[in-house]
Protein chains: 2
Amino acid sequence: MAHAGVTVERLAEAAAELADEVGLENVTVSELARRFGVKDASLYSHIRNAHELRVRVAVLALAELADRVAAALAGRAGKDALVAFANAYRDYAKEHPGRYTATQVELDLETAKASAARRHSDMTRAILRGYSLAEPDQTDAVRLLGSTFHGFVSLEQAGGFRHHPRGADESWGRVLDTLDVALRNWPTHAGDPEASRTP
Amino acid sequence: MAHAGVTVERLAEAAAELADEVGLENVTVSELARRFGVKDASLYSHIRNAHELRVRVAVLALAELADRVAAALAGRAGKDALVAFANAYRDYAKEHPGRYTATQVELDLETAKASAARRHSDMTRAILRGYSLAEPDQTDAVRLLGSTFHGFVSLEQAGGFRHHPRGADESWGRVLDTLDVALRNWPTHAGDPEASRTP
DNA sequence: CTCCTTTTCCTAGGGCTCCTAGGAATTCAC
DNA sequence: GTGAATTCCTAGGAGCCCTAGGAAAAGGAG
C-alpha cells in the first residue's frame, strides 16, 4: 500500500508504450492507472487531464526522433544525408506507430518552443546545405521534404499501399531518388522553360 | 412523436457536417441523436456502432473528393492537370477538415472496393499521362504525389506552417513546380549521374 | 525523535459516452 | 384490415474523464 512510484516521466513513458501497442487514441488514464496498480483518480495528482498525457507523449516522441535523426545524419552530406534522414524518420514511425502519431498533435506555443520541434527543422535545413538553396526556397524545400516524408509514412501506416503488388520499400527508394533530383534541379522561376528537359 | 425520418444517408451527411465542425474524433452517436431529436439508442437501428459512422463519413468524403478532382481535371493535361488536381485536393481539405480526416480511416477490403478509392488512383494515373512514365515508375510516382499532397495538407492542417513568416500558399506553389520538374526528370536509374545537372 | 507540511493515493460520486435488451408505436405489404 | 418489418422508446450496464475531500506516506525543521 506504499507509494507506487508514479512520476510524470514514468507516466509519459508508459503512455508512449501503450500508444505503440493500442494506438494513441486508445491511450486512456484508466488503463495507465491499471498498469501502475493505482486508481485512476490518483493520476490526477501528476497530470491535469488526459490531453496532457498525449502532449507528453508528443514531446517525448519528438525528442526521441530528433536524437535518432541526429545520429543518422552524423558525418553525412548530400543525398547520403537525405536518405539517412528519411530512413531514420520512416523506421521510427514503423517501430513506434503510436509515438509517431503523437508527433502530429498540436502543441501550444509554449510547449512547442520547449520541444525538439526546432531541432527537426534545423536538421532538415542542414540536409539542404548539400543543395545550396537560399531563402525562401530553403523553407519551401524543408516543407516539401517534411510533407513527402510524413505523407508517405502516414499513408503507409494507414495501409494505403498494402493492396498493390509494388512494394512500399521500392517506391520509397524511388521517391528519395526523385527528391534528390528535384532538389538539385530546384526551379528558380515558376514555369521556367529551361527546366523542361525530356530526353 | 412520429418517425424523425432518420436514414443512413442523412445520418452520414449529418456526421460529415459534424466532423467538419468539431473534428472527426468528436463525432459522437449521442450528439447526432440530439441533432435528430431522437434518443441515442434509436440510432442503432440504422448503424451497427460508432465506428460505422466514421466509415460512412469516409466513404462519403472519398466520393465527394473524387467528384471534385474529376471536375477540376476535365480538359486539362500536363502541369495544368497536376496543379488542378492538387488544388482541388487541398481546397477540399480546407473546406471540409473533418471529412478530409475521415479520408484516412482504414477501410476493410470490401468497403474499400465499393468506395471511390479506385477512382482516386485512376485519376492520379491520368495526370501522369502527361509525363509518360511506365510501370512500375508510374506507381511510384502516384505514391510520390499522394504522399506529398497528403503530407502538405496534413501538416498545414495540424498548424505546422503557422509559426513561420513564409506563407503556406507560396510554398505550395513552389512544391507543385518542383513536383512538375521532378516528374519530367524522373530518374530512370537510382543514382543516375546524368541527373546531376546543377547550373 | 517529534511535529508539521507536502505529496501521493484513496473513496465517493457525477457526467458523458457506447451499446444491449426488450417493448411499443408506426409504417408497409398484401 | 392484418401481419410483418421498421423505427423509436425506456431501462440499464459498463467504461471513461474528472472533481472533492480525506487518509496515509514521505520529507524537513527543530
Side-chain angles (χ1 to χ4, degrees), chain A residues 1-60 97-99 101-102 105-108 111, chain B residues 1-60 98-99 101-102 104-108 111:
Chain A
M1 303 325 147
H3 286 198
V6 177
T7 324
V8 212
E9 289 77 20
R10 295 181 59 188
L11 217 44
E13 183 61 39
E17 267 168 39
L18 181 57
D20 287 337
E21 292 171 22
V22 302
L24 185 69
E25 72 281 5
N26 296 324
V27 170
T28 176
V29 177
S30 319
E31 175 60 26
L32 276 179
R34 240 169 269 135
R35 297 198 170 193
F36 276 92
V38 149
K39 298 296 173 186
D40 58 346
S42 303
L43 295 190
Y44 289 89
S45 310
H46 303 274
I47 53 167
R48 257 152 75 103
N49 49 37
H51 180 248
E52 183 181 336
L53 219 51
R54 279 139 217 208
V55 169
R56 289 196 180 273
V57 175
V59 172
L60 184 125
R99 285 161 153 100
T101 304
V105 313
E106 274 210 68
L107 303 179
D108 56 290
T111 313
Chain B
M1 302 317 152
H3 286 199
V6 177
T7 324
V8 214
E9 289 78 20
R10 296 182 58 188
L11 217 44
E13 181 62 38
E17 267 168 39
L18 181 57
D20 287 337
E21 293 171 21
V22 301
L24 186 67
E25 72 281 5
N26 296 323
V27 169
T28 176
V29 177
S30 320
E31 175 59 26
L32 275 179
R34 241 168 268 135
R35 297 198 170 194
F36 276 93
V38 150
K39 298 296 173 186
D40 58 345
S42 302
L43 295 190
Y44 290 89
S45 309
H46 303 275
I47 54 166
R48 259 154 69 109
N49 49 36
H51 179 249
E52 183 181 335
L53 219 51
R54 279 141 217 206
V55 169
R56 289 196 180 274
V57 175
V59 171
L60 183 122
R99 284 161 153 102
T101 303
Q104 302 297 325
V105 314
E106 275 209 68
L107 303 179
D108 57 290
T111 312

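Note that the structure is a prediction, hence the values are computed from the model and not measured. So you know, we letter chains A, B, ... as the sequences are listed, proteins then strands, and number each from 1. Reckoned from all heavy atoms, side chains included, excluding hydrogens, waters and symmetry mates.
- What you find for A/R56 and A/A12 is that their closest heavy atoms are CB-CB, 4.0 Å.
- Counting all heavy atoms, side chain and backbone alike, B/L43 lies closest to B/A33 at CD1-N, 3.6 Å.
- Computed from coordinates, the A/I47 CD1 to C/dT8 C1' distance equals 14 Å when rounded to whole Å.
- Contact check for A/T7 versus A/H46: no side-chain heavy atoms found under the 4.5 Å cut-off.
- For B/R54, the side chain to side chain contact (heavy atoms under 4.5 Å, CB included) partners are B/L24, not counting sequence neighbours.
- Here A/E21 pairs with A/R35 in a salt bridge; the nearest charged N to carboxylate O distance falls below 4.0 Å.
- Following rounding to the nearest Å, A/E9 (CD) and C/dT8 (P) show an atom-to-atom distance of 11 Å.
- Considering every non-hydrogen atom in both A/L60 and A/A16, the closest pair reads CD2-CB, 3.7 Å.
- Taking atom CG of A/L53 as the reference point, atom C1' of D/dC18 lies 14 Å away to the nearest angstrom.
- In this structure, A/E52 contributes its side chain and A/R48 its backbone to a donor-acceptor pair below 3.5 Å.
- Distance OH (B/Y44) to C1' (C/dG22): 17 Å, rounded to an integer number of Å.
- The line from CG of A/L18 to CD of A/E31 is 5.5 Å long, rounded to the nearest 0.5 Å.
- At the phosphate of C/dC16, neither OP1 nor OP2 sits under 4.0 Å from any side-chain N or O atom of B/R34.
- Distance, A/L11 CG to C/dC9 P: 10 Å, rounded to whole Å.
- Using a 4.0 Å heavy-atom cutoff across all strands shown, A/D40 reaches at least one base atom of the nucleic acid.
- Rounded to whole angstrom, the span from the CG atom of B/L43 across to the P atom of C/dT20 amounts to 13 Å.
- At a non-hydrogen distance threshold of 4.0 Å, B/T28, B/V29, B/S30 from residues 23-31 of chain B come into contact with DNA chain C.
- Distances were taken from every side-chain heavy atom of A/N49 (C-beta onward) to each of D/dC18, C/dT20, C/dC18; the shortest belongs to D/dC18.
- In terms of heavy-atom proximity, A/A102 sits nearest to A/A58 at O-CB, 3.2 Å.
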Table of protein N/O atoms under 3.5 Å from nucleotides 4-7 of chain D N/O atoms:
residue, atom, partner, partner atom, Å
D/dT7, O3', B/H3, ND1, 3.4

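- In this structure, A/F36 atom CZ and C/dT8 atom P are separated by 13 Å, rounded to whole Å.
- Atom CG in B/L32 sits roughly 13 Å away from atom P in C/dC19 (whole-Å rounding).
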